[in-house]
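Input: a single structure, listed below in structure tokens.
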Number of protein chains: 2
Amino acid sequence: MTVMETTEPGTDTCAGPPRATRRPDGRDQYTISEVVAFTGLSAHTLRWYERIGLMPHVDRSHTGQRRYRNRDLDWLDLVGKLRLTGMPVADMVRYAEMVREGDHTYTDRFELLEATRRDVRARIAELQGTLAVLDRKINFYADAGRPLASEGSR
Amino acid sequence: MTVMETTEPGTDTCAGPPRATRRPDGRDQYTISEVVAFTGLSAHTLRWYERIGLMPHVDRSHTGQRRYRNRDLDWLDLVGKLRLTGMPVADMVRYAEMVREGDHTYTDRFELLEATRRDVRARIAELQGTLAVLDRKINFYADAGRPLASEGSR
DNA sequence: TAAAACCCTGGAGTGCGCTCCAGGCAAGCG
DNA sequence: CGCTTGCCTGGAGCGCACTCCAGGGTTTTA
């Protein structure tokens, strides 16, 4: 009934999903609104991804409606991961293009992935540095500010 | 010859209020271009930070030029850290406002910092998930060592 | 003392990643 | 049959975080 809209609720099971396959098995065809429900992306965004070339061609029904398949969901999964590394969409598009172009882009793809991995590692390190700062600051606040932390309830 | 870049991992050790470190000692007054060199931010950005209320008011010379002091650099340091957690500038402004407002915002500040810390931890976890995906994919590419695509596309 | 280098302001412009709009098919139902 | 729901398209619009510009003072160097 109300599967529409871009809201986020749905699965609130932590952040990082160790997903293996949480897909309605058997099926290999989904409408855009189903994909919205799966990915948390909006339909607008899904169509936009396609327009800019971030998606491999998505199948269409005989009336022109999108029919996503499992491989599309897998791809969106990867895109989602890359997205939260901060990789610009343009770079992902480049990667998608290389995939489409075939085997001779093999090495380039490999290198792009490795570069990305380096970036991710660097970002994790940065964040850990930030965490250290926050910890220090929080401890400082906690030590200095006696009038808190004793709030019974909650 | 600039010292820019934020690549310092676990610099400084002490945890607390005073934190003078690796700054042209003795001095406590810097022009905007010196701050640019220190922080890697542009002068535009520094002025913009001030306009939007992200900076406590910066001293001025008798002719109206900015004269940053060590406490300003410390603040910019924190801002830089928070920035790379992805915290929106608006939130940092809110924090800055609370600092200006005085002690009665103490608890709120504390909570904001803690919430931020939770976010950072979550983001680190996400990134580590992404790292795992990248590792798998890179290994796959490396192992295959030969054309073949299972990018979820064709 | 003149040129060069540096700094000031308010406001407009930019790039990114969406997000929304208007207008319009297609299918299911009551 | 009309109504509602779901999807389609191209293009305009938005929020964020800067970034740049015009026009004009000030400070330093030669």
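What you see is a predicted model; the values in this text were computed from it and never measured.
Between B:E126 and A:K81 there is no salt bridge, since none of the side-chain N atoms of the basic residue sits less than 4.0 Å from a carboxylate O of the acidic one. Remark: B:D59 does not engage B:R66 in a salt bridge, criterion side-chain N to carboxylate O under 4.0 Å. Under the 4.0 Å criterion applied to side-chain N and carboxylate O atoms, A:E34 and A:R27 are assigned as salt-bridge partners.
Distances shorter than 4.0 Å separate none of the side-chain N or O atoms of B:R47 from OP1 or OP2 on C:dT9. Between B:R83 and D:dC18 there is a side-chain N or O to OP1 or OP2 distance below 4.0 Å. Contact check, A:T31 against D:dC7: a side-chain N or O comes under 4.0 Å of OP1 or OP2. Residue A:Y49 has no polar side-chain atom (N or O) positioned under 4.0 Å from OP1 or OP2 of C:dG17.
Side-chain N or O atoms of B:N70 include none that pairs as donor or acceptor with a backbone N or O of B:D28 at under 3.5 Å. In this structure, the side chain of B:T105 does not engage the main chain of B:E101 through any donor-acceptor pair within 3.5 Å. The closest donor-acceptor contact from the side chain of B:R100 to the backbone of B:G53 lies under 3.5 Å.
Regarding B:L46, its CG atom lies at a distance of 14 Å from the C1' atom of D:dA17, rounded to whole Å. Atom CD1 in B:I32 sits roughly 15 Å away from atom P in D:dT27 (whole-Å rounding). Counting to the nearest Å, the C1' atom of D:dC16 and the CE atom of B:M87 are 16 Å from each other. One interatomic measurement links the two molecules: CG of A:L82 to C1' of C:dG17, which rounds to 16 Å at whole-angstrom precision. Atom CG of A:L54 is separated from atom C1' of C:dG17 by 11 Å (rounded to the nearest Å). Residue A:R67 contributes atom CZ, which lies 14 Å from atom P of C:dA26 at whole-angstrom precision. Between the P atom of D:dC18 and the CD1 atom of B:I52 lies a distance of 8 Å, rounded to the nearest Å. Rounded to a whole Å, the OH atom of A:Y30 is 16 Å from the P atom of D:dC7.
Comparing C:dC21, D:dC21, C:dC7 by their nearest atom to the side chain of A:H44 picks out C:dC21. Candidate nucleotides D:dC18, C:dT19, C:dT9 were compared by shortest atom distance to the side chain of B:T45, and D:dC18 ranks first. Considering only side-chain atoms of A:V89, the nucleotide from D:dT19, C:dC8, C:dG17 that sits closest is C:dG17. Closest to the side chain of A:S33, from the set C:dT9, D:dC7, C:dC18, is D:dC7.
Taking 4.5 Å as the limit, every side-chain heavy atom of B:T85 sits out of range of all side-chain heavy atoms of B:D119.
Aromatic ring orientation, A:Y141 versus B:Y106: tilted (interplanar angle from 30° to 60°).
Across all non-hydrogen atoms, the minimal contact from B:R67 to B:V58 is O-CG1, 3.7 Å.
Sorted by residue number, the members of residues 57-65 of chain A with any non-hydrogen atom under 4.0 Å from DNA chain C read A:H62, A:T63.
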Any protein N or O atoms within reach of nucleotides 11-14 of chain C? Criterion: under 3.5 Å, listing atom names and distances.
unit_1: C:dG11; atom_1: N7; unit_2: B:R51; atom_2: NH1; d: 2.9
unit_1: C:dG11; atom_1: O6; unit_2: B:R51; atom_2: NH2; d: 3.0

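Considering CG of A:L84 and OG1 of B:T130, their distance stands at 4.5 Å, rounded to 0.5 Å.
Where A:R66 and B:P88 meet DNA chain D, the nucleotide closest to each residue was compared, and A:R66 sits on the side nearer the 5' end.
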